[in-house]
Colleague: 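I'd like to ask some things about the structure below.
For clarity, every value in this text was computed on a predicted model and none was experimentally measured.
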Amino acid sequence: FSRSWEAAYERELQSFRGGGGAGEVWFGKESVVRLIRWMEKHRIPRDSPVLDIGSGNGVLLVELAKSGYTNLTGIDYSPSAIQLSEQVKEKEGMSNIKFQVEDFLAPSAGLSGFDICIDKGTFDAVSLNPEDAVGKRKQYVRSLCSVLKPGGFFLITSCNWTKEELLSEFGEGFEILEELPTPKFCFGGRIGNTVTALVFQRK
């Protein structure tokens, strides 16, 4: 399962070195703008420690750095993703972002004390793991509780889970603050969302 992710980032890394872009932004550019807008609206201090869980190519943190946030950490269990994000960071001249190879389901002791944790698609990927997906989801919530300070915020963007399902998954230890607007679609006279974006606060 993890090998396919590694292969995907290996391809993006080769493409970037060959003069290509950093690769795609999961859920599109508007999903990044939505998160930054929320942080600005809630006056999150620019030096608040922020963790991007499954940072991929690092584009989200580069955008946060461009918006003035200064205490940014990105983790991914794919070494190729971390290599790629380091190169994207260098190209953009953003020295205040720290990237590290890390398995969020078994976080290292030093990974803690964050005010904000952001997830765009990583919980989705964990949920799709063919081996003990339920156990891995529970471990994800435990890991989240260990890295996020009490009172801290968790911003999740998902294309696999509805609002109600996410409320159930994160019901223990978290309370819902708000749902962020996402693109809607209409099918057979019913309106729905292809993407769910929620803000939780750790109790």
Side-chain angles (χ1 to χ4, degrees), residues 25-27 31-65 67-78 81-82 85 89 96-127 129 136-161 163 165-180 182 195-203:
V25 178
W26 272 41
F27 302 111
S31 66
V32 174
V33 173
R34 189 165 56 234
L35 296 172
I36 293 173
R37 267 205 201 116
W38 184 88
M39 288 172 68
E40 287 176 342
K41 181 179 147 197
H42 290 270
R43 296 197 167 85
I44 302 297
R46 302 288 174 176
D47 60 351
S48 292
V50 175
L51 177 67
D52 185 6
I53 302 165
S55 48
N57 56 20
V59 169
L60 168 62
L61 290 181
V62 165
E63 291 301 322
L64 279 169
S67 299
Y69 294 92
T70 59
N71 191 348
L72 304 169
T73 302
I75 59 166
D76 204 291
Y77 67 46
S78 160
I82 294 300
S85 49
K89 170 181 110 170
N96 53 359
I97 309 174
K98 188 168 74 185
F99 289 108
Q100 59 200 60
V101 176
E102 185 93 47
D103 177 1
F104 189 64
L105 298 184
S108 57
L111 200 73
S112 64
F114 291 94
D115 289 339
I116 306 270
C117 287
I118 298 173
D119 179 319
K120 281 165 78 265
T122 299
F123 185 69
D124 287 354
V126 167
S127 308
N129 196 312
K136 285 185 166 61
R137 294 202 308 267
K138 289 195 164 119
Q139 182 53 53
Y140 180 104
V141 177
R142 282 196 293 273
S143 296
L144 186 59
C145 286
S146 77
V147 303
L148 185 63
K149 286 180 190 167
F153 301 107
F154 173 54
L155 287 71
I156 181 169
T157 305
S158 166
C159 61
N160 286 9
W161 298 88
K163 177 183 176 181
E165 288 168 335
L166 288 171
L167 289 179
S168 159
E169 291 288 324
F170 293 94
E172 212 171 296
F174 294 87
E175 58 187 345
I176 178 83
L177 278 191
E178 62 185 291
E179 182 172 11
L180 302 180
T182 59
V195 172
T196 305
L198 302 178
V199 181
F200 287 95
Q201 186 165 25
R202 194 181 154 206
K203 290 176 187 167

Colleague: Do you know which two heavy atoms are closest between Asp76 and Ser55, and how far apart they sit?
Modeller: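 Looking at all heavy atoms of both residues, the closest pair is OD2-N, 3.5 Å.
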
Colleague: Measuring only between side-chain heavy atoms, which start at C-beta, is Ile75 closer than 4.5 Å to Leu111?
Modeller: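 Sidechains of Leu111 and Ile75: in contact.
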
Colleague: Would you call Val147 and Glu102 a side-chain contact if the rule is heavy atoms closer than 4.5 Å?
Modeller: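 No, side chains not in contact.
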
Colleague: Once you round to the nearest 0.5 Å, how far does CG of Leu166 lie from OG1 of Thr157?
Modeller: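 The distance works out to 10.0 Å.
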
Colleague: For a 4.5 angstrom cut-off between non-hydrogen side-chain atoms, does Leu198 reach Phe170?
Modeller: no

Colleague: Rounded to the nearest 0.5 Å, what separation is found between the NZ atom of Lys163 and the CD1 atom of Ile176?
Modeller: 6.0 Å

Colleague: Say whether, by atom type as modelled, one donor and one acceptor occur between the side chain of Thr122 and the main chain of Ile53 under 3.5 angstrom.
Modeller: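 Answer holds: yes.
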
Colleague: Ring centres under 6.0 Å, that's the criterion: do Phe154 and Phe123 meet it?
Modeller: no

Colleague: Does some side-chain heavy atom of Leu61 sit less than 4.5 Å from a side-chain heavy atom of Lys89?
Modeller: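 SC-SC contact between Lys89 and Leu61 ruled out.
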
Colleague: Using a 4.5 Å cut-off on heavy atoms from C-beta on, say whether the side chain of Val50 contacts that of Met39.
Modeller: yes

Colleague: How long is the straight-line distance from CG of Leu180 back to CG of Leu155, given to the nearest 0.5 Å?
Modeller: 6.5 Å

Colleague: What I'd like to find out is whether the side chain of Lys120 reaches to under 4.5 Å of the side chain of Val32, using heavy atoms alone.
Modeller: yes

Colleague: Any salt bridge (charged side-chain N to carboxylate O under 4.0 Å, His left out) involving residues 46-63? Give me the pairs, sequence neighbours left out, ordered by first then second residue.
Modeller: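 Sorted pair list: Lys29-Glu63, Glu40-Arg46, Glu63-Lys66.
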
Colleague: With no hydrogens and no angle check, is any side-chain donor or acceptor of Ser143 less than 3.5 Å from a backbone partner on Phe104?
Modeller: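 Side chain of Ser143 to backbone of Phe104: a pair is present.
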
Colleague: Using a 4.5 Å cut-off on heavy atoms from C-beta on, say whether the side chain of Gln100 contacts that of Ile82.
Modeller: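 Contact flag for Ile82/Gln100 side chains = no.
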
Colleague: Has the side chain of Asp103 got a donor or acceptor atom that lies under 3.5 Å from a matching backbone atom of Tyr77?
Modeller: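 Flag not set: sc Asp103 to bb Tyr77 has no pair under 3.5 Å.
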
Colleague: Above 12 or not: heavy atoms from other molecules or residues under 6.0 Å from NZ of Lys203?
Modeller: yes

Colleague: Drop me the distance from Leu148's CG to Leu51's CG, to the nearest 0.5 angstrom.
Modeller: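 Here the interatomic distance stands at 9.0 Å.
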
Colleague: Could you go through Glu165 and Asn160, starting from their C-alpha distance and side-chain angles, then the distance that decides it, and tell me whether this counts as side chain to side chain contact (heavy atoms under 4.5 Å, CB included)?
Modeller: CA-CA 10 Å; Glu165 288 168 335; Asn160 286 9; over 6 Å; no

Colleague: If you measure only the distance, is there a donor-acceptor pair under 3.5 Å linking the side chains of Ser158 and Asp124?
Modeller: yes

Colleague: With a 4.5 Å limit on heavy-atom distance, are the side chains of Glu178 and Trp38 in contact?
Modeller: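 Yes, close enough: below the 4.5 Å cut-off.
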
Colleague: Sort and list the pairs that fulfil side-chain hydrogen bond (donor to acceptor under 3.5 Å, both in side chains) and have at least one residue in residues 166-176, not counting sequence neighbours.
Modeller: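 Listed once each, the pairs are Arg137-Glu169.
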
Colleague: Measure across Cys145 and Arg202 and return the closest heavy-atom pair with its distance rounded to 0.1 Å.
Modeller: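 So the two residues come closest at O-NH1, 2.9 Å.
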
Colleague: Between CD1 of Ile97 and CG of Asn71, what distance do you get to the nearest 0.5 Å?
Modeller: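 Between atom CD1 of Ile97 and atom CG of Asn71 there are 11.5 Å.
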
Colleague: To the nearest 0.5 Å, what is the distance between CD (Gln139) and CG (Leu105)?
Modeller: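 It is 6.0 Å, given to the nearest 0.5 Å.
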
Colleague: Would Trp161 and Thr196 satisfy side chain to side chain contact (heavy atoms under 4.5 Å, CB included), going step by step from the backbone distance to the final call?
Modeller: CA-CA 7 Å; Trp161 298 88; Thr196 305; 5.9 Å; no

